[in-house]
Participant: 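Sharing a structure below in structure tokens format, with a few things to ask.
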Amino acid sequence: YAARLQRLASDAGRVAVPLPVGPVERIDPQAVAAALEQDPTLTHLALVYSETGSGICHDVPELARVAHALGRRVIVDAVSAFGALPLDLGALPAVEAVILTANKCLEGTPGAAFVVARRDSLEAAGGTAGSWSLDLADVYQLSLQPNAGPRFTPPAPTLAALAVALDLHLEEGREARLARYTANMRTLYDGVKELGLTPYLPPALQGPIVVNVRAPDAPTWNLQLFVDALKRRGYVLSNFYNTEQPSFRVGCIGAFGPGQMQQAVDAMGGALRDIGINRETAGNGGFFPLPLTA
Ligand SMILES: *Cc1c(COP(=O)(O)O)cnc(C)c1O
């Protein structure tokens with residue numbers, strides 16, 4: 001998603017300067033500080049809080065403090081973090097905008113995205129979006145009009161579902177939700193190891209939102225056959241790889257707890273057996289080696 005963020009910024013006419021971070025590395029605050037110090041033309045630090053591609057959660061508060069100390073502003077893709085991971089904007093004045101959607105940790109349905117932004121930034125940004133549909137300064141100005149409504153046809157079913165989802169979130173509380181996702185993650189992480197599979201991330205890097213699992217080395221392994229077998233057992237996974245070395249992604253978020261996650265793990269074991277893979281053949285030789293930082 002960091003690569004996608006860079007693409008979106010470039011397409012919107014911004015000069016996006018990537019800071020390469022390995023797929024099994026957490027963003028190093030010192031590397032960010034050095035990059036910002038080296039290039040005074042960099043106005044913003046944009047980053048993904050929970051990198052859904054890998055399962056790593058970056059230290060947004062610390063990175064925002066680094067940016068703040070150097071007088072830069074921060075844009076956070078918190079899509080798969082918001083509602084579960086902490087984000088105290090009152091304590092992070094450098095954070096200018098946070099992007100979230102209805103359908104991840106808020107447990108609503110897809111179809112609506114939101115940005116929490118500082119009013120002074122919205123007021124200063126008029127006419128610079130490079131896109132009408134994503135011109136948030138314009139959307140903000142419109143919202144100040146009497147009887148303001150959305151500029152485009154609103155996804156009414158999504159918004160109705162979100163109203164219910166927000167009530168449930170309020171009832172559960174963010175910290176309890178994070179604890180539930182963390183328990184789901186542990187059940188999944190330990191469960192796939194029990195099946196003989198290898199998680200993509202070492203425990204110290206594993207976030208609570210999504211677990212990537214390395215594809216087995218077994219000759220009969222085939223992602224599509226596994227996905228089909230799992231679907232017959234009532235569970236759905238993506239049928240594409242999104243890491244350089246093949247791994248499949250399993251989400252820990254949604255309206256369920258560790259007991260149901262264990263059922264999903266059992267179904268994965270069954271699906272592996274269906275395609276001729278057992279505990280002895282499911283492994284793939286330990287974690288990826290952690291890349292050396294240059
Ligand atoms: C899911 C996700 C997105 C995209 O959200 P959609 O609802 O698929 O548009 C963006 N960033 C991150 C980190 C995500 O997890």
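Each ligand, and each atom within it, is numbered from 1 in the order the structure gives.
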Participant: Is any side-chain N of the basic residue among Arg180 and Glu107 closer than 4.0 Å to the acidic one's carboxylate O?
Facilitator: yes
Participant: One pair to check against side chain to side chain contact (heavy atoms under 4.5 Å, CB included): Phe226 and Leu272. What are the steps and the verdict?
Facilitator: CA-CA 7 Å; Phe226 177 64; Leu272 286 175; 3.7 Å; yes
Participant: Supply the atom-to-atom distance Leu42 CG to Asp39 CG, rounded to the nearest 0.5 angstrom.
Facilitator: 3.5 Å
Participant: Verify the cluster assignment for Val15 and Leu47: are they in a single hydrophobic cluster under the rule of side-chain heavy atoms below 4.5 Å apart?
Facilitator: yes
Participant: I need the atoms of ligand 1 closer than 4.0 Å to a non-hydrogen atom of Val48, numbered in the order shown.
Facilitator: 13 (C)
Participant: Among Tyr1, Tyr49, Phe82, whose heavy atom sits nearest atom 4 (C) of ligand 1?
Facilitator: Tyr1
Participant: Is any heavy atom of the protein nearer than 4.0 Å to atom 7 (O) of ligand 1?
Facilitator: yes
Participant: Among Asp77, Ile99, Asn103, which residue places a heavy atom closest to atom 11 (N) of ligand 1?
Facilitator: Asp77
Participant: Leu63 vs Val74, test: side chain to side chain contact (heavy atoms under 4.5 Å, CB included). Steps then yes/no.
Facilitator: CA-CA 9 Å; Leu63 292 161; Val74 179; over 6 Å; no
Participant: In the protein, what heavy atom is nearest to atom 9 (O) of ligand 1, and what distance, to one decimal place, separates them?
Facilitator: Thr101 CG2, 4.9 Å
Participant: Which residue supplies the protein heavy atom nearest to atom 5 (O) of ligand 1, what is that atom called, and how far is it?
Facilitator: Val79 CG1, 3.8 Å
Participant: Which ligand 1 atoms, with their elements, are less than 4.0 angstrom from a heavy-atom of Thr52?
Facilitator: 12 (C), 13 (C), 14 (C), 15 (O)
Participant: Taking only heavy atoms of Ser50, which atoms of ligand 1 are found under 4.0 Å from at least one of them?
Facilitator: 13 (C)
Participant: What is the ring orientation for Phe248 with Trp221, classed by angle as parallel under 30°, tilted 30 to 60°, or perpendicular over 60°?
Facilitator: parallel
Participant: Among side-chain atoms of Asn184 and Thr187, is any donor-acceptor pair under 3.5 angstrom?
Facilitator: no
Participant: Report yes or no: does a heavy atom of Lys104 sit under 4.0 Å from some atom of ligand 1?
Facilitator: yes
Participant: If the cut-off is 4.0 Å to any non-hydrogen atom of Ser80, which atoms of ligand 1 fall inside it?
Facilitator: 13 (C), 15 (O)
